[in-house]
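Take a look at the structure set out below.
Remember, predicted model here, so these are calculated numbers, not experimental data. Here is the naming used below: chain letters follow the sequence lines, and residue numbers restart at 1 for every chain.
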Protein chains: 4
Amino acid sequence: MSSKKFSRNKQEKIDLIYNTFFNLILKRGYHNVSTNHIAKSAKISIGTIYKYFPKGKEDIIRKYFEDSMETMLNSEELISINSNNIRDFLNQFILELFKNHEEKKGYNLAFRSAIQSDKALYESHKEKIFNFFKDRAQKLRKANKNFNEIPEERLIEAFIFLYNLINAILYHHLSVMELFDADDKLVEYLTNLVVFSLKFLLKP
Amino acid sequence: MSSKKFSRNKQEKIDLIYNTFFNLILKRGYHNVSTNHIAKSAKISIGTIYKYFPKGKEDIIRKYFEDSMETMLNSEELISINSNNIRDFLNQFILELFKNHEEKKGYNLAFRSAIQSDKALYESHKEKIFNFFKDRAQKLRKANKNFNEIPEERLIEAFIFLYNLINAILYHHLSVMELFDADDKLVEYLTNLVVFSLKFLLKP
Amino acid sequence: MSSKKFSRNKQEKIDLIYNTFFNLILKRGYHNVSTNHIAKSAKISIGTIYKYFPKGKEDIIRKYFEDSMETMLNSEELISINSNNIRDFLNQFILELFKNHEEKKGYNLAFRSAIQSDKALYESHKEKIFNFFKDRAQKLRKANKNFNEIPEERLIEAFIFLYNLINAILYHHLSVMELFDADDKLVEYLTNLVVFSLKFLLKP
Amino acid sequence: MSSKKFSRNKQEKIDLIYNTFFNLILKRGYHNVSTNHIAKSAKISIGTIYKYFPKGKEDIIRKYFEDSMETMLNSEELISINSNNIRDFLNQFILELFKNHEEKKGYNLAFRSAIQSDKALYESHKEKIFNFFKDRAQKLRKANKNFNEIPEERLIEAFIFLYNLINAILYHHLSVMELFDADDKLVEYLTNLVVFSLKFLLKP
DNA sequence: AATGAATGAGAATTCATTCAT
DNA sequence: TATGAATGAATTCTCATTCAT
């Protein structure tokens with residue numbers, strides 16, 4: 001029975017803005033969605049958007065991904081993987097990305113669009129990815145003799161490349177997802193792809 | 001004679017517009033380049049651009065890719081591949097894409113940007129790709145018993161998927177190209193990737 | 001008792017708003033300070049500002065100057081000057097303005113800015129000044145034969161002109177204040193300036 | 001009989017913008033005039049304003065005063081004054097400012113408003129004034145023994161101060177111009193004021 | 001055929017003000 | 001009384017497109 005206009009629940013409004021924005025992006029493309037569109041579509045005033053996201057569109061994307069990236073990379077599931085078992089790690093990681101994909105297709109497409117015109121967002125995202133895989137690479141090299149011979153930098157680069165490859169497959173809008181009749185099959189394909197690629201990339 | 005000189009000037013102007021546009025896109029991103037920017041940068045008038053491309057930016061991209069796609073997919077090199085030898089075909093095709101990539105990075109990035117906000121361009125591009133691979137699939141199935149068991153649709157979809165995958169690797173701006181110290185290595189990786197993937201995708 | 005404490009809080013809040021506003025104006029200029037800025041900077045709510053100053057910025061300035069002008073023009077120091085001694089009066093008046101200037105630079109700059117875009121404020125200020133000098137002029141003419149020959153209107157106008165001139169020197173932001181190494185020198189200059197000007201303006 | 005819409009006369013349009021803007025400022029105050037007001041009032045499109053003045057209001061003022069300042073300070077009349085005669089110079093200079101004032105009251109008020117919120121404009125204006133008087137001061141010191149004893153810097157500062165003082169009198173909106181029934185009288189007053197002030201400021 | 005001045009819809013953003021809590 | 005979320009008109013500025021010359 002609480003009035004919509006004076007809802008004291010900030011998070012509700014912020015989520016409304018997120019959802020509206022990402023839905024609009026899915027329908028019309030990032031660059032064809034304006035802050036005014038968001039306001040109209042969400043039935044809130046333009047001022048409200050700028051209250052929560054003072055720099056407009058960029059801010060919405062940035063803040064959303066700062067949160068969601070943090071959450072994803074620091075999720076229980078990823079943290080708790082026994083890092084010296086690389087198969088487990090890869091499989092778990094792909095599953096994690098895949099779960100993300102299912103529920104966040106709109107958000108991720110938005111993100112891919114946004115980093116194309118926002119260098120700062122792109123750099124910060126790159127750094128986060130790098131640090132995440134640096135940590136993984138270091139643990140792997142400590143725990144597993146096979147990886148000792150591969151330079152740390154190369155290992156990190158390989159991980160990042162494959163991370164991007166998986167994302168490209170999951171989110172690239174030219175993909176023909178219908179190829180994989182079941183999710184299992186897609187995950188299986190991706191895992192095989194990664195294992196095969198890693199071998200290729202890391203051989204001396 | 002006068003007409004020849006004339007049409008020569010015309011083509012020069014069109015090429016100038018193409019080059020200027022794609023260079024600007026590389027520097028500033030598709031959505032940050034306006035028709036006025038192109039005119040200023042190319043030192044021609046905005047009116048001239050609208051003479052040759054009455055619908056502006058969209059038209060430039062669309063016409064460019066109509067031409068270049070036509071040229072690429074119908075190139076001597078691809079047409080002359082003996083289509084019943086699938087290995088040759090794949091290797092040749094990847095090399096062709098790779099050559100393209102080297103010299104046309106700007107154009108392709110532009111294209112990727114453009115189709116994100118232009119549904120018509122996207123659909124027409126999809127159709128062209130589909131028709132190209134439909135033709136290839138039909139020839140393959142005629143010439144090669146192994147492919148008879150695979151439904152035509154599925155074969156086409158697999159080809160399209162892999163075509164997109166290769167492009168994603170070549171053009172995705174998050175890629176870590178430094179991984180592949182030599183072009184040979186990248187082409188080798190891509191070929192292996194495609195062969196491996198085809199096996200996976202086409203097994204019953 | 002509670003009411004006393006209450007009104008004390010009220011005055012404190014009003015003073016807080018005054019101080020915050022004028023400090024912000026000094027830093028950023030009148031037109032770049034918003035009511036929301038004041039609220040944030042003073043750490044009170046925007047609602048509180050509108051409680052005490054229902055018309056916002058204009059009201060703050062207007063009310064402040066209504067008070068301070070009243071106080072200044074009716075100050076003990078000015079009232080008690082023996083008005084038939086014009087030298088004393090002028091010197092005292094300049095000193096009064098100067099004291100004001102030292103401690104209220106921000107307020108005065110704010111005021112100068114404000115009256116540029118608020119005609120009502122400007123008119124009311126003009127009227128107050130006029131009435132003040134009308135009173136002085138009348139007293140002077142009664143007490144001092146020399147002034148009898150000068151029309152009352154002209155005397156008032158001369159006073160107002162010189163009042164504005166002094167203020168212009170004190171507050172005009174293009175002034176080169178470093179010229180006057182000591183305050184004494186500036187006051188001396190101003191007094192001479194006024195005496196000289198009065199002679200010029202009042203000669204028949 | 002030339003069409004208004006496609007007038008090839010840039011300067012006409014630029015002058016129209018200048019005149020419209022400065023007239024509006026006189027009526028409503030600098031901060032209450034928007035670029036849209038100017039466009040509507042001048043019956044041109046907002047785009048036209050931004051074609052000639054890409055940074056909007058600031059640019060209009062800046063460009064106008066860059067031109068007019070240049071013109072004024074380099075005018076035949078000022079340049080040709082025999083600089084070693086200080087009386088002549090002062091009188092001529094005041095007359096020049098006064099002529100300016102008569103025809104450009106609106107422009108000057110606009111300028112005074114504008115520099116309050118545009119630091120760059122303010123600095124560039126200050127520099128121009130400084131350089132102008134530096135040149136005058138150097139010539140005076142060369143030609144006239146009396147000025148040798150006064151440090152160059154001090155001489156410049158005094159000139160600048162007096163220049164500002166005159167402008168304040170001419171343009172300050174609180175001034176009571178009616179005091180001076182004839183222009184001659186005002187110029188006479190200003191000259192006396194400046195001579196008197198210079199003596200005071202330059203005495204050792 | 002070529003030019004570029006002119007247009008105006010629409011995007012991003014600010015800010016005085018209101019009012020439910 | 002005090003709060004601050006919410007509003008939306010108004011502002012600055014951009015850009016695709018037109019059309020007289």
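The heavy-atom pair separating C/Lys10 from C/Tyr52 by the smallest distance is CG-CE2, 3.3 Å. Residue B/His31 comes nearest to A/His31 through the heavy atom pair CD2-CD2, 2.8 Å, listed as atom of the first residue, atom of the second, then distance.
DNA chain F is contacted by D/Ile46, D/Tyr50 of residues 41-50 of chain D, taking any non-hydrogen atom closer than 4.0 Å.
The NZ atom of A/Lys40 sits 12 Å away from the P atom of F/dG8 (whole-angstrom rounding). To the nearest angstrom, P of E/dA11 lies 13 Å from CZ of A/Phe21. Remark: C1' of E/dA11 and CZ of A/Arg28 are 13 Å apart, rounded to the nearest angstrom. One atom, CD1 of A/Ile60, and another, C1' of E/dA12, lie 12 Å apart when rounded to the nearest Å. For the pair A/Ile61 CD1 and E/dA12 P, the interatomic distance rounds to 12 Å; values are reported in whole Å. To the nearest angstrom, C1' of E/dC15 lies 18 Å from NZ of C/Lys55. The separation between A/Phe53 atom CZ and F/dA5 atom P is 14 Å, rounded to whole Å. Note: NE2 (A/His31) to P (E/dA12) measures 11 Å, nearest angstrom.
In this model, the phosphate group of E/dC15 is not approached by any side-chain N or O of C/Thr35 to a distance below 4.0 Å at OP1 or OP2. Distances shorter than 4.0 Å separate some side-chain N or O of A/His37 from OP1 or OP2 on E/dA11.
Every residue two or more places apart in sequence or in another chain that forms a side-chain hydrogen bond (donor to acceptor under 3.5 Å, both in side chains) with C/Ser45 is listed here: C/Thr48. With sequence neighbours excluded, no residue forms a side chain to side chain contact (heavy atoms under 4.5 Å, CB included) with B/Lys40. With sequence neighbours excluded, the residues forming a side chain to side chain contact (heavy atoms under 4.5 Å, CB included) with B/Asn36 are B/Ser34, B/Ile46, listed by chain and number.
Picking from E/dA2, F/dA16, F/dT12 the nucleotide with the shortest atom distance to the side chain of B/Lys51 gives E/dA2. Distances were taken from every side-chain heavy atom of D/Asn36 (C-beta onward) to each of E/dA11, F/dA5, F/dC13; the shortest belongs to F/dC13.
Between A/His37 and A/Arg28 there is a side-chain heavy-atom pair separated by less than 4.5 Å. For the pair A/His125/A/Phe65, no side-chain contact is recorded, criterion being any heavy-atom separation below 4.5 Å from C-beta on. No side-chain heavy atom of C/Thr35 sits less than 4.5 Å from a side-chain heavy atom of C/Phe53.
For DNA chain F, the stems formed by at least three consecutive Watson-Crick or G-U pairs, with both atom-pair distances below 3.5 Å, span E:2-21 with F:2-21.
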N/O donor to acceptor pairs below 3.5 angstrom from side-chain atoms of residues 16-24 of chain D, sequence neighbours left out:
{"residue": "D/Tyr18", "atom": "OH", "partner": "D/Tyr64", "partner atom": "N", "Å": "3.3"}
{"residue": "D/Asn19", "atom": "OD1", "partner": "D/Tyr107", "partner atom": "OH", "Å": "2.6"}
{"residue": "D/Asn19", "atom": "ND2", "partner": "D/Asp15", "partner atom": "O", "Å": "3.1"}
{"residue": "D/Thr20", "atom": "OG1", "partner": "D/Leu16", "partner atom": "O", "Å": "2.6"}
{"residue": "D/Asn23", "atom": "ND2", "partner": "D/Asn19", "partner atom": "O", "Å": "3.1"}

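Annotation: of the two residues near DNA chain E, C/Lys57 and A/Ser34, the 5′-most nearest-nucleotide partner is A/Ser34.
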